[in-house]
Structures are given as C-alpha cells and as structure tokens.
Amino acid sequence: MKLVLRGHHLLCLKGFQGYGYSEEFTENMTKVNEQRKSENTTITLTNSPDDICKACPNLKNNLCEDLKQNATIVGMDNEVLKKLDDSKEYNAVELFEKTDSIFNSKESVCEICFECMWHDKCLFYQKL
C-alpha cells in the first residue's frame, strides 16, 4: 500500500480518535490511520492535498477552504517537512517512529498545532 500524506497529517494521524469534518472524512481518516500502521505501507510526503484531503468537504479547487486557510495549512506542512526529507519514500512504521522522536514536546509543535481547531481533542497534542 502506498500513501501520500501532507506533512502536518503525520501529527494528526497520531492524535486521531474519530472526529472529523464529515462522516466520509472520518471514515477515510480511519482507513488511512489503519493503513499507516502496516509494515507494508510506504509514504510519500507533500505540502499539497493528499490521501486524507480527498475526502475533506473543505477541499475546493485543490485548496483547503480558501487562499488564506490554504496558506496556513501549507505553512503547517512546511514546518514538519523542514525536519524530514520529502524527496524520499518512507516505510510507514519507521516514518512514524521518526516523527515521534522529532516532535516530542509542545515546543516542537507550537508552529504546527497551536492554532489547530482539533488540539483540544487530539491525543498526540494532549500527551506532549
């Protein structure tokens, strides 16, 4: 299985517990979250719409909501991608282990997660 994931979605998947923008989005996010736990899954990183975004009701004309919101989301992606090589394909399990070692404090994710609408429910953010 191959997945394409936005940089910030690496963190979102770690904290996901079934909330979402719509039923279709939540079902897709649940499926992607299960797939990323498999040793047989590879992940390519991006700062544009990915396998999670394709089911998001906020995706319009390949943008997250509008130009302003999209720029915010791309900025979050780029903060994660600064610490990872987005030119390579990763083994999913190894990538998430690496993500754990890099993003391991609230300070390490402050530019990414602080203004996120989900951080009050996010298990990843809460455990930091």
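All residue numbers refer to positions in the sequence shown, counting from 1.
A donor-acceptor pair under 3.5 Å links the side-chain atoms of Gln126 to the main chain of Asp120, judged by distance alone. Although no hydrogens or angles enter the test, the distance criterion places no donor-acceptor pair under 3.5 Å between the side chain of Tyr21 and the main chain of Thr26. A distance-only check finds a donor-acceptor pair linking the side chain of Ser101 to the backbone of Lys98 [under 3.5 Å]. Within the 3.5 Å criterion, the main-chain N or O of Glu39 finds a donor-acceptor partner in the side chain of Asn91. Using a distance-only test at 3.5 Å, with no hydrogens or angles considered, no donor-acceptor pair links the side chain of Asp86 to the main chain of Leu45. Remark: the backbone N or O of Lys37 is not paired with any side-chain donor or acceptor of Thr41 at under 3.5 angstrom. The main-chain N or O of Gly18 is never found under 3.5 Å from a side-chain atom of Asn33 such that the two would form a donor-acceptor pair.
Crowding of Lys31 atom NZ: a count of heavy atoms from other residues, nucleotides or ligands under 6.0 Å not exceeding 12.
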Step by step, would you call Phe96 with Leu13 a side chain to side chain contact (heavy atoms under 4.5 Å, CB included)? CA-CA 10 Å; Phe96 278 88; Leu13 285 165; 3.9 Å; yes

Go through Phe124 and Trp118 one step at a time and tell me if the ring-ring contact (aromatic ring centres under 6.0 Å, His included) criterion holds. CA-CA 11 Å; Phe124 169 75; Trp118 300 105; over 10 Å; no

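Counting heavy atoms from C-beta outward, Ile102 and Leu84 have side chains that approach closer than 4.5 Å. Within the 4.5 Å cutoff, the side chain of Cys53 has heavy atoms near those of the Arg6 side chain. Here the side chains of Asn70 and Glu65 are not in contact, with every heavy-atom distance at 4.5 Å or above.
Hydrophobic clustering, with ILVMFWY side chains joined whenever heavy atoms are under 4.5 angstrom apart, groups Met117 together with Ile52. Hydrophobic cluster membership differs between Val32 and Leu59, with clusters built from Ile, Leu, Val, Met, Phe, Trp and Tyr side chains linked at under 4.5 angstrom. Phe114 and Val74 fall into different hydrophobic clusters, defined by Ile, Leu, Val, Met, Phe, Trp and Tyr side-chain heavy atoms under 4.5 Å apart, directly or through other members. In the hydrophobic cluster analysis, where Ile, Leu, Val, Met, Phe, Trp and Tyr join through side-chain heavy atoms closer than 4.5 angstrom, Val4 is grouped apart from Leu81.
Within the model, atoms CD of Gln35 and CG of Asp51 stand 8.0 Å from one another, a figure rounded to the nearest 0.5 Å. Note that NZ of Lys121 is 12.5 Å distant from CZ of Phe16, once rounded to the nearest 0.5 Å. Note that OG1 of Thr72 is 5.5 Å distant from CD of Gln69, once rounded to the nearest 0.5 Å.
In summary, of the residues considered (Lys83, Glu89, Lys88), a side chain to side chain contact (heavy atoms under 4.5 Å, CB included) with Asp85 occurs for Lys88 alone. When each of Asp77, Thr44, Thr46, Leu10 is paired with Leu5, the side chain to side chain contact (heavy atoms under 4.5 Å, CB included) condition holds for Leu10 and for no other.
Here the closest non-hydrogen pair linking Ser22 and Pro57 is OG-CD, 3.8 Å. Cys64 and Ile73 get closest at one heavy-atom pair: SG-CG1, 3.7 Å. When all heavy atoms of Tyr125 and Cys113 are compared, the closest pair comes out as CD1-CB, 3.6 Å. Residues Cys12 and Met29 share a closest heavy-atom pair of CB-CE, 4.0 Å. Scanning both residues, Gly20 and Phe25, for their nearest heavy atoms gives CA-CD2, 3.7 Å. Contact between Arg36 and Ala92 at its shortest, heavy atoms only, is O-CB, 3.2 Å.
We find that Asp100 and Lys14 are joined by a salt bridge, their nearest charged nitrogen and carboxylate oxygen being less than 4.0 Å apart.
For Ile112, the side chain to side chain contact (heavy atoms under 4.5 Å, CB included) criterion is met by His8, Leu11, Met76, Glu79, Val80, Phe103, not counting sequence neighbours.
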